[in-house]
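Quick notes on the structure that follows.
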Amino acid sequence: MKTYSYFCSTQIEMGIGKAKQLPEMLQSLEIGSSILLVSDPGVVRAGLVAPIKTALETAGYRTLLFDSIEQNPRDTDCLEGAKIFRDFATDAVVAIGGGSAMDTGKTIALCGPNGGTPSDYADGLRAYTNIAPIICIPTTAGTGSEVTRSAVITEKSTHRKMTLKNASLRPTLAVLDPSLTFSVPSAVTAATGVDALVHAIEGYTCKVTNPISQALGAKAMETIVSALPIAFRDGQNEEARHDMLEGSLLAGLCFGSADVAAVHCLAEALGGLYDTPHGVANAVFLPHVLRFNAEEDKQMHATLARYMKFANDSDTEDMAVEKLIEGITSFTEQLKIPKLKDLPGVQEEDFPRIVELAMQNNSTPSNVRSVTSADYLKILENAYYNVHRNFKEVSR
């Protein structure tokens, strides 16, 4: 019988207005008085950081803001933040924002006390020890980084997306306040929401999944498919924003003790080369990877279709799989997510490099169906030309 482990040490606080209670939460954790706030310029301009900074300072904390973060955070951003961490004698890192801010915050909390570069840890050259407390306050519903053991960082010199992964990278505290997501633009709502959906799908289906992850993933899929179109159309809908933040959380808990897979491997390669928003990159590959995987496991993918209400119990497995592909394709179209061919910079001559980066990704072996370079290339071609050719003659 299958053995597995599931672990999450993060304290989770969910609800409208929870961000205002951060000083009291930090006091209960007894983590020190010097707080490095990590965010990005867009979140700062949206006015989401200033109230938290003021509340902390009013409660007697020393704070410093680091917001030199790009959309797909670079190792150079993290090293700059790590130096500031040391110069400020930081006790804890509070990351406010989406995945870029939270992954950067995690990496600063790692490299700040210990030195070294992100690649040292991603490549197994340094141990994950002595990490400063990490507090995450997500302002988008998508990444799930507030409860995961991972941080994805781009190596600027090579465009490689590195995954730093260790249980000790899990945040000490996650504060989920739906009110912080009300001002997120519709395009960002769509992209980050699909990212969360992919987390749930891949965490559920990957080779290293477990029953706990699958239970969380099933609920996350149902929640996200229902709530995302509403949040996309009406960003002020409190119930939809709450459900999306909760769905993203559940998806993070799903893959956080399992893994992601081929969709993410291709998406991270695309993001590393072209700086494509991560959720958009996930969305363009999702239906094509689902078709590839479903050829090998129709039963599992028919089940996914039913969780997401694209199919019902009376449908055959073949019917349910087709409804899954059609449903996901229509779902992303309704969210106005562009096709691969329409993304800035993407060129066919780069396909071999995209395939190479995807194959190097340490989540490729986790895909539910074993995937080769030839498979990745055909998935790329199908996505680029928006066709759904089968893969049986490509794979073994």
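Basis for what follows: all heavy atoms, side chains included, without hydrogens, waters or symmetry-related copies.
- A continuous path of hydrophobic side-chain contacts links Tyr384 to Val280 [ILVMFWY only; heavy atoms under 4.5 Å].
- A parallel orientation is assigned to the rings of His264 and His199, their planes being inclined by less than 30° (bins at 30° and 60°).
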Yes or no on side-chain hydrogen bond (donor to acceptor under 3.5 Å, both in side chains) for Thr189 and Arg241, after CA distance, side-chain angles and deciding distance?
CA-CA 10 Å; Thr189 296; Arg241 287 297 194 185; 3.0 Å; yes

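- With Phe88 as the aromatic partner, Arg62 meets the cation-pi criteria of under 6.0 angstrom to the ring centre and within 45 degrees of the ring axis.
- At a threshold of 4.0 Å, the pair Lys298-Glu317 does not count as salt-bridged, since none of the basic side-chain nitrogens sits closer than that to a carboxylate oxygen.
- Neither side chain, Tyr121 nor Asn166, offers a donor N or O lying under 3.5 Å from an acceptor on the other.
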Can you list the steps and then say if Val194 with Leu335 is a side chain to side chain contact (heavy atoms under 4.5 Å, CB included)?
CA-CA 9 Å; Val194 174; Leu335 296 171; 3.8 Å; yes

Identify every side-chain donor-acceptor pair in residues 42-54 under 3.5 Å, counting partners at least two apart or on other chains, and give the distances.
residue, atom, partner, partner atom, Å
Lys53, NZ, Glu57, OE2, 2.6
Lys53, NZ, Thr63, OG1, 3.3
Thr54, OG1, Ala50, O, 3.0

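- In terms of hydrophobic clustering, with Ile, Leu, Val, Met, Phe, Trp and Tyr side chains grouped at heavy-atom distances under 4.5 Å, Leu266 and Val387 are assigned to a common cluster.
- Leu65 and Ile69 are members of different hydrophobic clusters when ILVMFWY side chains are connected at heavy-atom separations under 4.5 Å.
- For the residue pair Lys161 and Asn72, a side-chain donor N or O sits within less than 3.5 Å of a side-chain acceptor on the partner.
- Side-chain polar atoms of Gln11 and Glu13 form a donor-acceptor pair below 3.5 angstrom.
- In the hydrophobic cluster analysis, where Ile, Leu, Val, Met, Phe, Trp and Tyr join through side-chain heavy atoms closer than 4.5 angstrom, Leu377 is grouped together with Phe292.
- Judged purely by distance below 3.5 Å, without hydrogens or angles, the side chains of Thr148 and Ser150 never pair a donor atom with an acceptor atom.
- The pair Arg291-Glu322 meets the salt-bridge criterion, with a side-chain N (NZ, NE, NH1 or NH2) lying under 4.0 Å from an Asp/Glu carboxylate O.
- Side-chain contact check for Thr364 and Tyr376: at least one donor-acceptor pair (N or O, by modelled atom type) lies under 3.5 Å.
- Annotation: salt bridge (charged side-chain N to carboxylate O under 4.0 Å, His left out) contacts of Lys339 (sequence neighbours excluded): Glu333.
- Ser257 and Arg170 are linked by a side-chain donor-acceptor pair at a separation below 3.5 angstrom, with hydrogens and angles left out of the test.
- For Lys309, the salt bridge (charged side-chain N to carboxylate O under 4.0 Å, His left out) partners two or more places apart in sequence, or in a different chain, are Glu222.
- Defined by atom type and a distance below 3.5 Å, a donor-acceptor pair is present between the side-chain atoms of Ser314 and Asn312.
- Residues Leu270 and Leu286 share a hydrophobic cluster, clusters being chains of Ile/Leu/Val/Met/Phe/Trp/Tyr side chains in contact below 4.5 Å.
- In this structure, the ring of Phe85 has its center no less than 6.0 angstrom from the ring center of Phe66.
- For Phe255 and Tyr204, the distance between ring centers is not under 6.0 angstrom.
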